[in-house]
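Report on the following structure.
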Amino acid sequence: MSVQDPIIPKRAPEHVSMSQFAQRDGELVIGGERLSVLAERVGQTPFYAYDRQLLKDRVASLRQALPAGIELHYAMKANPMPAVVALMAGLVDGIDVASAGELKVALDAGAVPHDISFAGPGKREQELRQAVASRVLINVESMREVHLLGRISEQIGLPARVAVRVNPDFELKGSGMKMGGGPKQFGVDVEQLPELLAELPRRGLVFEGFHLFAGSQNLRPEAICEAQQKSFDLALRLAALAPSPVRFLNLGGGFGIPYFPGEQRLDLQSIGENLAALQARARQEMPEAKLVIELGRYFVGEAGVYVTRILDRKISRGQVFLVTDGGLNHHLSASGNFGQVIRKNYPVTIGNRLSQSEREVASVVGPLCTPLDLLADRMELPLAREGDFAVVFQSGAYGASASPQAFLGHAPVVEVLV
Ligand SMILES: *Cc1c(COP(=O)(O)O)cnc(C)c1O
């Protein structure tokens, strides 16, 4: 800092605007319905609501921003609600599953088996049998899986379709969660690949391509471009060792959404340009390969809200606590206990008092007997009363299915797609 720099008072960073949702009569509108009416329709709080139109718009705008021909896969662990998976199956080009349980939901939802891929460490023999019988693409993550699949293919009389998940020698910089680079339980180390690739034809497996996934929840376009570039280069080198041409190249995803104050929505411009360049190279250097990116939260996260009702408004030594009927038991991520290092607030509002000018600083807490059960820590909110709705935005991903619902024995949360 030089001496001339003016002293600008620092404003606290704010959450990005939750403008994806409309308002009517001071109430949040979800799926075209006012929150209070939606709550009547659902019949209880707490609940999650996912907005169908926002999900459709999201896929459409992503297709708009990326070059034609890039295939979009939905990683359904982000939100495995069957109705959401069924909707997504009709919008995207494939579904990525991570267990036989998810595979069942995807198949029930009408996803085309050929376009389902199954990744994840520690696949059980039973899960691999189900995957082979379903004719989905299996992303193998170890030599054990190769051996098992060889035996299963022979027994069932169907050769397994496999892609090899690679643990790359780099990672996605600045990611919320790193899932590649260094020692990892995911994928096969690049160093071990020559041996594993050579084994595939010996075991009668059909090689289709590679899967690289370097990390998650990233808001830096240049880091995402770099990871996709490096993934492509690595796949090209590995293709030389493969038993047959690469037909499927999953470059990962990692597109983040803004959760915390100061974060901005991801700018897709440079990512689209970078993918167009990679696609042009693929036409020359890997002509049979279709390029795939796989995304979870980017598709569904911003389309969902978690809605609770305020049961009690307490003041403790001057601090306001709004005690709601749901918390970390339904929404571990928003409480800050699902992968956050330093707890920060998700965007929260009082969903039936959006046009109220009177505001106050309050903490929104759940009903569990633990100080970890915190949905908003001293946030400025519309002045709330008992019976109002405390709403957590950015809740369409890693919500209900990623939360310890049995903890403290409250009723399970309800999910609706509207
Ligand atoms: C979890 C996961 C995803 C989805 O991550 P998001 O951050 O939700 O986009 C994609 N691919 C793989 C392999 C995953 O494990």
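Just so you know, ligand 1 is whichever comes first in the structure, and atom 1 is the first atom listed for that ligand.
- The closest non-hydrogen atom to atom 13 (C) of ligand 1, taken over Q217, E294, M76, comes from E294.
- Between Y298 and F255, the angle of the ring planes goes over 60°, which puts this pair in the perpendicular group of the 30/60° scheme.
- Taking the six-membered ring where tryptophan is involved, the planes of Y346 and H331 are perpendicular, since the angle between them exceeds 60° and thus also 30°.
- The N/O atoms of K77, backbone and side chain alike, include one that comes under 3.5 Å of an N/O atom in ligand 1.
- At under 3.5 Å, not a single nitrogen or oxygen of H211, backbone or side chain, sits near a nitrogen or oxygen of ligand 1.
- A ring-centre distance under 6.0 Å is not found for Y50 and F47.
- Close approach to A75 involves these atoms of ligand 1, each under 4.0 Å from a residue heavy atom: 3 (C), 4 (C), 10 (C).
- Within ligand 1, the atoms closer than 4.0 Å to a non-hydrogen atom of S216 are 5 (O), 6 (P), 7 (O), numbered from 1 in the order shown.
- A side-chain donor-acceptor contact under 3.5 Å links N352 to the backbone of F389.
- Considering backbone and side-chain atoms alike, Y398 places an N or O below 3.5 Å from some N or O of ligand 1.
- Residue contacts with ligand 1, taken as heavy atom pairs separated by less than 4.0 Å, do not involve F186 at all.
- Listed here is the closest heavy atom pair of P80 and S401: CD-OG, 3.4 Å.
- Residue F213 places a heavy atom less than 4.0 Å from ligand 1.
- Tested against Y259, the residues E302, R297, Q394, K344 include a single side chain to side chain donor-acceptor pair (under 3.5 Å) partner, R297.
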